[in-house]
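Here the structure is laid out as structure tokens; the discussion comes afterwards.
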Amino acid sequence: MTAAPLLASPLSELAQALEAGNLTSEKLVASAIEAYRASDDNSYIQWCPEQALALAKASDRARKAGAFTGPLMGLPVSVKDLFGVPGLPIHAGCARPLPERWQAAGPVIKALSAQLAPVMGKTHCVELAFGGLGTNSHWGTPANPWDKQVHRVPGGSSSGAGVSLVNGTAALALGTDTAGSIRVPASMTGVAGLKLTAGRWPTQQIVPLSHTLDTPGLMARRVDDLDYAFRALDPVVSKQRVVHTSASELADLTFGVPAAFFWENCSPGIAEAVEAALKVIERAGARLVPFELPGVEQIHELFLKGGVAAPELAAFIREDMPEIVASLDPNVAARLHTAEELPAWEYIQRLQVMTRLSAEAASQMQQVDAVLTPTVTLTPPTVDSLKDPKAYTAANMQALRNTAIGNYLGLCGLSLPVGLDKAGLPVGMQVLSRPWQEERLLGIGQAIERSIGCGPDTLGHHC
């Protein structure tokens, strides 16, 4: 569980040390390379040390010459293998590389590259991002770093992202979230993850799962790092040239805490860890009130049927990559087969339900500053326990149960670690906010983080 000391430091501190000349990007990348040599967790599908080192040296030369390319200048980053990165093959979790056109950089990668942030490599993901556990029959499943004895899943679909942070090979990780694909692995690996409002960041040159729900997002060791990186990359906020934010004070906040649904079937220790965190938040002066999101049961039923993601992925594959159908992971193929039989009227009806309930949620959430729930309700299962398709399906649906609600209601959200469950695995708390309120959400997350004091290095000690 020991990460490379340099990359475990807050992003703002690393950036300040680089700016002051007390640290070089070359040294940061060398630290990541050393950490990779010591790891055996299969977090990357492509590891690119030479390319990262060359960019780090270029960043150092530019800085020495007086140039400043942005807040992420020189900071090592891992990128989920759904993003196009020039010169790097892209698989999106599939058995064979996707057509070369997918390697072109989209707006998010262009923003990252413009700041001269070295990309350490492409992290593993579930095939076509269609799963919340992190398994992949083609490339293997990254190992959850919190269990050195048994191979447990790290959460998905951004399965290698959280692992790359914990093992010290990246200071920041780019991922995507359609039903929980950032928040689930963040929760399962004990880091922080930010799910943006769909449409906040562009999705061009990111292999799609659902054009309705997909959003890029960030994972980092702490919420403070998420805030730093968000402000560096967000198309609107970054133009304001403001890197730091003043986090909210808990005494000023009112949080809604739903009952029943979000707490059902929790593995031992998960509900207890989140409840303990809620008590800390309340003692810090926050007001906790009962609060129910609209149509949760209806949304969950819709999600279990495949929602809109399954039919939209099926349409994408049929139109753009029909040749991959024969080699699809059985867990992905089975769900797509069902989606292909969905009548058009039902797909449209699902979109209408989501639109209506999203509007209701945005309105009702004006009563509170945020909604707090467990992020994931099950201990990360072992890979062996998921060999039976029925066992996989049950665990996958449970892993995404709480997070998918935020996507289908059009909210932004984050997950931050709040403790360990009875098996010694991380527990995350989900913080949901109204759409387009990312800056406010991150300030709230920072305030919670300060009060709880949890992170990859402190979980299980004083959380």
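All values below were derived from every heavy atom in this structure, side-chain atoms included, with hydrogens, water molecules and symmetry-related copies excluded. Sequential numbering from 1 along the given sequence is applied to the chain's residues.
- Looking at every heavy atom in both residues, Gly445 comes nearest to Leu416 through O-CD1, 4.0 Å.
- Seen from the ring of Phe303, Arg401 does not count as a face-on cation partner, given the 6.0 Å and 45° thresholds.
- The shortest side-chain heavy-atom distance between Ile90 and Gln205 does not fall under the 4.5 Å cut-off.
- Taking a 6.0 Å sphere around CD of Gln366, one finds it holds more than 12 heavy atoms contributed by other residues, nucleotides or ligands.
- For the residue pair Gly410 and Ser358, the shortest heavy atom distance occurs at N-OG, 3.7 Å.
- Between Glu438 and Arg200 there is a salt bridge, since a side-chain N of the basic residue sits under 4.0 Å from a carboxylate O of the acidic one.
- The side-chain heavy atoms of His300 and Leu304, taken from C-beta on, include a pair separated by under 4.5 Å.
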*Give the intermediate values and the outcome of side-chain hydrogen bond (donor to acceptor under 3.5 Å, both in side chains) for residues Asp41 and Ser43.*
CA-CA 6 Å; Asp41 47 42; Ser43 51; 3.1 Å; yes

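- Atom CD of Glu275 is surrounded by more than 12 heavy atoms from other residues, nucleotides or ligands within 6.0 Å.
- Salt bridge annotation for Arg231-Asp234: absent, with no cationic side-chain nitrogen under 4.0 angstrom from a carboxylate oxygen.
- Side chain of Ser363 to main chain of Ala359: no donor-acceptor pair is present (N/O by atom type, distance under 3.5 Å, no hydrogens or angles).
- In summary, the side chains of Ser157 and Lys80 do present a donor paired with an acceptor at a separation below 3.5 Å, with no hydrogens or angles considered.
- The structure places OG1 of Thr123 at 9.5 Å from CD1 of Ile45, a figure rounded to the nearest 0.5 Å.
- Other residues, nucleotides and ligands contribute at most 12 non-hydrogen atoms within 6.0 Å of the CD atom of Glu319.
- Relative ring orientation between Trp139 and His91 is described as perpendicular, the plane-to-plane angle rising above 60° on a 0-90° scale split at 30° and 60°.
- The shortest heavy-atom contact between Val126 and Gly156 is CG2-CA, 4.4 Å.
- A salt bridge links Glu340 to Arg318: at least one charged side-chain nitrogen sits closer than 4.0 Å to a carboxylate oxygen.
- Put simply, the side chain of Leu233 reaches to within 4.5 Å of the side chain of Gln115, judged on heavy atoms.
- The shortest side-chain heavy-atom distance between Pro258 and Glu292 falls under the 4.5 Å cut-off.
- At a cut-off of 3.5 Å, with distance as the only test, no side-chain donor of Thr178 or Ser181 sits close to an acceptor on the other residue.
- Within the model, atoms CD1 of Ile182 and CG of Leu196 stand 7.0 Å from one another, a figure rounded to the nearest 0.5 Å.
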_Trace of the side chain to side chain contact (heavy atoms under 4.5 Å, CB included) decision for Thr176 with Ile206_ = CA-CA 9 Å; Thr176 63; Ile206 302 173; 3.8 Å; yes

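- The distance from atom OG1 of Thr215 to atom NZ of Lys195, rounded to the nearest 0.5 Å, is 6.0 Å.
- Residues Asn396 and Leu386 are not in side-chain contact: their nearest non-hydrogen atoms beyond the backbone lie 4.5 Å or more apart.
- Under the 3.5 Å distance criterion, with hydrogens and angles disregarded, no donor-acceptor pair is assigned to the side chains of Asn265 and Thr377.
- Atom CG of Asp421 is separated from atom CD of Glu272 by 9.5 Å, given to the nearest 0.5 angstrom.
- In the model, Asn167 has a side-chain atom that pairs as donor or acceptor with a side-chain atom of Thr169 under 3.5 Å.
- Judged by distance alone, the side chain of His211 and the main-chain N or O of Phe316 form no donor-acceptor pair under 3.5 Å.
- Nearest heavy atoms, Gly93 versus Asn136: O-ND2, 3.0 Å.
- The closest side-chain heavy-atom distance from Leu378 to Met188 is below 4.5 Å.
- The two atoms that bring Gly134 and Thr141 nearest to each other are O-CG2, 3.3 Å, heavy atoms only.
- Using a 4.5 Å heavy-atom cutoff, the side chains of Val371 and Leu411 are not in contact.
- Contact detail for Tyr44 and His124: the closest heavy-atom pair is O-NE2, 3.1 Å.
- Checked for salt-bridge contact, Glu312 and Arg350 miss the test: no charged N lies under 4.0 Å from a carboxylate O.
- Residues Ile299 and Phe261 fail the side-chain proximity criterion, which asks for heavy atoms closer than 4.5 Å.
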